[in-house]
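Have a look at the structure below before the remarks.
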Amino acid sequence: MRYRAPRGTRDILPEESWKWEKVQRAFEDTARRFGYRDIRLPVFEQTELFARGIGDATDIVRKEMYTFADRKGRSLTLRPEGTAGTVRAYIEHNMGESARVTKLRYFCPMFRYERPQAGRYRQFWQWGLEAIGSMSPSVDAEIIHFCVSLFTNLGIEGSVAKLNSAGCKSCTPAYNEALREHLAPRLDEFCPDCSERYERNPRRMFDCKNESCLALLADAPSILDSLCDECRQHFESVLEYLDRMSVPYEVDKGLARGLDYYTRTIFEVHYPGLGAQSALCGGGRYDDLVEELGGKPTPAVGVSAGVERLMLAYESESGGTGQEPGPEIYIVSMGERAEREAAGLAAGLRADRSVELDHQGRSMKAQMREAGRLGARVAIIVGEDELERGAVSVKDMETGDQVEVELDRLNEAVEEKLAK
RNA sequence: GUGGAAGUAGCUCAGCUGGUAGAGCGCUGGACUGUGGCUCCAGUCGUCGCGGGUUCGAUCCCCGUCUUCCACCCCA
């Protein structure tokens with residue numbers, strides 16, 4: 001019996017994880033520049049929080065949650081996304097009392113019971129941002145700018161921001177009705193999927209992949225023409241801010257999102273190289289969610305993104321190629337006395353340099369090969385002959401130059417080589 | 001949840017409608033008895049995903065199952 005990682009989960013091994021570290025660092029640096037502070041939340045929450053927050057009608061709540069009962073019979077669920085938990089924490093800790101706008105970020109695993117596919121797992125990572133407490137369209141624009149900015153920092157070119165409005169409580173229901181009314185006469189000509197979308201969320205029909213369905217939608221009313229004055233103004237204002245920030249975007253009147261809580265601005269950023277799973281991130285406003293979850297009425301905007309997909313995009317661009325960083329120094333030793341000397345030298349050098357050495361008593365040739373394979377810039381060779389003279393050899397692995405130095409001059413010699 | 005493809009060495013893959021497995025890369029050692037990256041030589045590795053069936057005999061055929069991949073639903 002051999003154990004394997006459960007379906008839809010996977011191990012991120014060191015050969016790969018060094019790239020994850022780079023991406024996470026880029027995310028954290030960018031988030032800090034934009035003023036978003038780290039928040040670390042529980043991996044599971046009361047099931048009710050997600051059911052209420054994300055919406056009973058969504059696929060996530062209907063069929064994708066990892067729900068279990070704990071030993072006292074409480075129903076808990078592994079978080080399928082980050083916004084509900086963040087809002088819960090915001091309310092629980094009265095974060096709105098001490099700041100006008102609360103800007104938070106996270107980078108952590110999420111769980112959804114789905115059929116796995118490339119870039120889609122049952123345990124997957126998301127990074128996300130939430131800005132709670134401001135109605136200003138400048139926050140919407142700031143978050144979209146953040147996404148584009150992060151992707152650019154990672155060398156990902158050709159991503160496209162698409163945005164639309166989801167309206168608000170006062171204009172959405174009217175639009176949905178108008179849309180249904182317009183489509184009703186020819187409903188039987190749509191595909192079965194669209195028929196179901198018609199019932200649950202007719203706006204989703206716009207992203208059907210069926211040409212004939214899209215043709216039938218050609219003269220359907222646009223949400224953008226049905227917005228109330230406040231929503232229209234807000235949307236236009238977001239676009240103005242984006243123009244002012246030089247953020248490229250496309251208005252996509254067919255864009256719809258899967259979660260119930262979105263209001264007004266909704267957006268996605270796509271990277272076309274990823275096939276069917278091309279959305280790198282998605283987000284929008286959720287002005288009613290804080291109140292819905294028991295807080296004071298508080299407007300908010302957020303975004304979340306799949307890290308696995310981001311990694312796929314990152315690796316297909318120049319930034320994701322290259323080699324895992326190796327040690328700066330490799331210490332080669334021959335003989336027992338030399339091994340002990342090498343251990344002492346490593347201990348000292350490790351105060352401010354990365355140092356590797358052999359732990360298996362291998363041949364010098366093997367140790368040199370290891371030093372080359374790891375990409376060490378300097379090899380320190382500790383041999384019996386040198387030790388007799390109180391010295392070691394320092395070899396520059398790039399040029400092959402080698403000099404013998406006395407032990408008390410080793411630090412200078414190494415620093416000199418590494419400084420180049 | 002629906003439809004399709006695939007699982008053979010650490011990795012990438014070959015294996016003739018059935019006769020108990022191979023290559024390249026990697027790894028280890030040597031040529032070079034204390035010097036990596038090039039070259040050459042040698043060696044190492046397999047419950048052929050798992051379980052059952054057919055057969056004298058199954059990596060190959062049949063059934064089931066697990067996993068991955070592709071498309072859909074949906075989404076990150």
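Here is how names work: the chains are called A, B, and so on, in the same order as the sequence lines, proteins then strands, and each is numbered from 1.
- Heavy atoms of A:E81 sit nowhere under 4.0 angstrom from any nucleic acid atom.
- Between the P atom of B:G36 and the CG atom of A:D401 lies a distance of 15 Å, rounded to the nearest Å.
- Rounding to whole angstrom units, CZ of residue A:R7 and P of B:C50 are separated by 19 Å.
- When the side-chain nitrogen and oxygen atoms of A:R115 are compared with OP1 and OP2 of B:C70, none of them lie within a distance under 4.0 Å.
- Other residues, nucleotides and ligands contribute at most 12 non-hydrogen atoms within 6.0 Å of the CD atom of A:E406.
- Here B:C75 presents its P atom at 18 Å from CD of A:E308, a figure rounded to the nearest Å.
- For A:R369, taking side-chain heavy atoms from C-beta onward, the closest of the listed nucleotides B:A76, B:G36, B:C73 is B:G36.
- No contact: A:E268 has no heavy atom under 4.0 Å from any strand.
- At a cut-off of 3.5 angstrom, the base of B:A76 holds at least one donor-acceptor pair with the side chain of A:E114.
- Checking the phosphate oxygens (OP1, OP2) of B:C73, a side-chain nitrogen or oxygen of A:R197 falls inside 4.0 Å.
- In this structure, A:K365 atom NZ and B:C32 atom P are separated by 10 Å, rounded to whole Å.
- In this structure, A:W127 has its ring center closer than 6.0 angstrom to the ring center of A:F146.
- The gap from the P atom of B:G4 to that of B:C16 amounts to 26 Å, rounded to the nearest Å.
- When distances are taken from the side chain of A:M334 to each of B:C32, B:G34, B:U68, the shortest belongs to B:G34.
- In this structure, A:R309 does not reach the B:C75 phosphate: none of its side-chain N or O atoms is under 4.0 Å from OP1 or OP2.
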